[in-house]
2 protein chains.
Amino acid sequence: MERNLKRMATMHRMQAKGLEMFYQNGYFNTSIDDILKELSLSKGGFYYHFNSKEEYFISIVQQLLFRKVYSQLVAPIEGKEDPLHTIADCLDKSLETAELNFLDYGFELGNFINEFNGKHPEVMRALNDILKVWEVCLITVLQKGKTDGFVSRHADSEAIASFIISSYMGIRTLMVDGNAKNLRYKYMSQLRHYFKLMEHNETV
Amino acid sequence: MERNLKRMATMHRMQAKGLEMFYQNGYFNTSIDDILKELSLSKGGFYYHFNSKEEYFISIVQQLLFRKVYSQLVAPIEGKEDPLHTIADCLDKSLETAELNFLDYGFELGNFINEFNGKHPEVMRALNDILKVWEVCLITVLQKGKTDGFVSRHADSEAIASFIISSYMGIRTLMVDGNAKNLRYKYMSQLRHYFKLMEHNETV
DNA sequence: AGGCTTCCCGACAAAATAGTCGGTTTTACA
DNA sequence: TGTAAAACCGACTATTTTGTCGGGAAGCCT
């Protein structure tokens, strides 16, 4: 058992540092050597645990990135009532974290999708899987919101979900180099306006 | 004069091919050699015209990318009346081009901003300059829309502009690997709903 | 202690990378 | 037509990159 623990510990250490550096510099602009230097680990050590840079990256995506997105964007709204307010609060919280993060480089998932878009199908599949989980969660919770009387029955849950995702991905990108605080405020104000549209307000 | 023409022609050829390949594969994943091979040009030829890869890229951004964004996203709305409908139509047209483009890799400007975000200040400046032009145009036309009675006086032009930009950047990213046609339709429907909110509709 | 598996080292190979430089071709023009 | 400048060539250097491999250290079980 001690064995397995050590293995897990090392791999996790490698993955965590990898995510950190790929996020900061991008996948293609980060070399295995760069990462290993930071980890004080050797080439042999790396290739003992992973077969290639790409496989390494995919494992990071499936394990670390998935959990990160899930805990930040999915879990806080999953199964909740009053979806519109819940979603808005969840996104605002995410933006707040980004705003306060001195070393923010945007939305990890979004950045990687951008970097791999249209190529590297294996990697894209892993990234799209995460996106899909988020999307499905949004749609589900919006649909439930309809039956629970929080969301207008005319609202198009799928379209709303896509709109939320795209706007969030975009604002995270803009916030990196712009006035994050101001952008966050502006974004949230517009998003909340937009959300008011589909509140259940049929006066019957 | 023939001299200058040839110079311009060659440089333009290099820039055009560079934009094409940087767009397809990303800046860091495209080597000078790759580009030169496609151009049937030599190393010496390249470094005669440009001093470095970065300078080369910046020249591409300032000349080709700027014009591209300008003609597609700025010119069609600049000075126009009824800004909300004009903007919506303009974005829809852009999305249509992307949708029909068999080789779409997202929003060029957005992709590059993503790739350089937080690093390479020189490059980021050039990219942000373009973004700024677009943003200012949006704000201006929205403000004018207020005085002309097309846009509600309570609308926050700056916030709307940011919201438009971020959502557009996001949807372009999503459209690459998703069902572009469907995404475009969903996006435009939500955007138009959102726009309805700020139409001038004070019944006095 | 002996042997076996797991884990890790670091030198090495092979290819790719940005950029340099001396020389050659092309072009303008006197 | 001669000549000088502009435009281009391609071999070369430096470094970096991913990935391999033979071997050694550490832990585990008997």
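We name chains A, B, ... by the order of the sequence lines, and we start the count at 1 in each one.
Inter-residue side-chain proximity for B:Y187 and B:L91 is flagged as met; some heavy-atom pair is nearer than 4.5 Å.
If you measure from atom CZ of A:F28 to atom P of C:dA16, you get 16 Å, rounded to the nearest angstrom. To the nearest angstrom, P of C:dG19 lies 8 Å from CZ of B:F46. Regarding B:D33, its CG atom lies at a distance of 14 Å from the P atom of D:dC9, rounded to whole Å. Atom-to-atom, CZ of B:F50 to P of C:dA18 comes out at 15 Å; the value is rounded to the nearest Å. Remark: C1' of C:dA16 and NZ of B:K37 are 10 Å apart, rounded to the nearest angstrom. For B:L36 and C:dA16, the CG to P distance is 15 Å, given to the nearest whole Å. Per the geometry, CD1 belonging to B:I32 stands 21 Å off P belonging to D:dT13, to the nearest Å. Following rounding to the nearest Å, A:Y56 (OH) and D:dT17 (P) show an atom-to-atom distance of 15 Å.
Neither OP1 nor OP2 of C:dT6 sits under 4.0 Å from any side-chain N or O of A:H49. OP1 or OP2 of D:dC8 sits under 4.0 Å from a side-chain N or O of B:T10. Under 4.0 angstrom from either OP1 or OP2 of D:dG10 there lies no side-chain N or O belonging to B:S42. A close approach under 4.0 Å does not occur between any side-chain nitrogen or oxygen of B:R7 and OP1 or OP2 of D:dA6. Listed pair B:S31 / C:dT17 meets the phosphate criterion, a side-chain N or O lying under 4.0 Å from OP1 or OP2. Close to D:dT20, at under 4.0 Å from its OP1 or OP2, lies no side-chain N or O of A:Y47.
Side-chain polar atoms of A:S59 and A:Q15 form a donor-acceptor pair below 3.5 angstrom. No hydrogens or angles considered: a donor-acceptor pair under 3.5 Å links the side chains of A:D34 and A:S31.
Looking at A:T173, A:I165, A:I113 one by one, the single match for side-chain contact (heavy atoms from CB on, under 4.5 Å) with B:T173 turns out to be A:I113. Exactly one residue among B:M188, B:R184, B:K181 makes a side-chain contact (heavy atoms from CB on, under 4.5 Å) with B:E96. That residue is B:R184.
Pairing for C:dT17 is absent, with no Watson-Crick or G-U wobble pair whose two atom distances lie under 3.5 Å. Remark: C:dG2 base-pairs with D:dC29. Criterion, Watson-Crick or G-U wobble with two distances under 3.5 Å.
For D:dA14, the glycosidic angle deviates from 0 by 90° or less, giving a syn base.
Ranked by how close their nearest DNA chain C nucleotide is to the 5' end, A:K43 and A:Y48 are led by A:Y48. Nearest-nucleotide assignment on DNA chain D puts the 5′-proximal partner with B:L41, out of B:L41 and A:G44.
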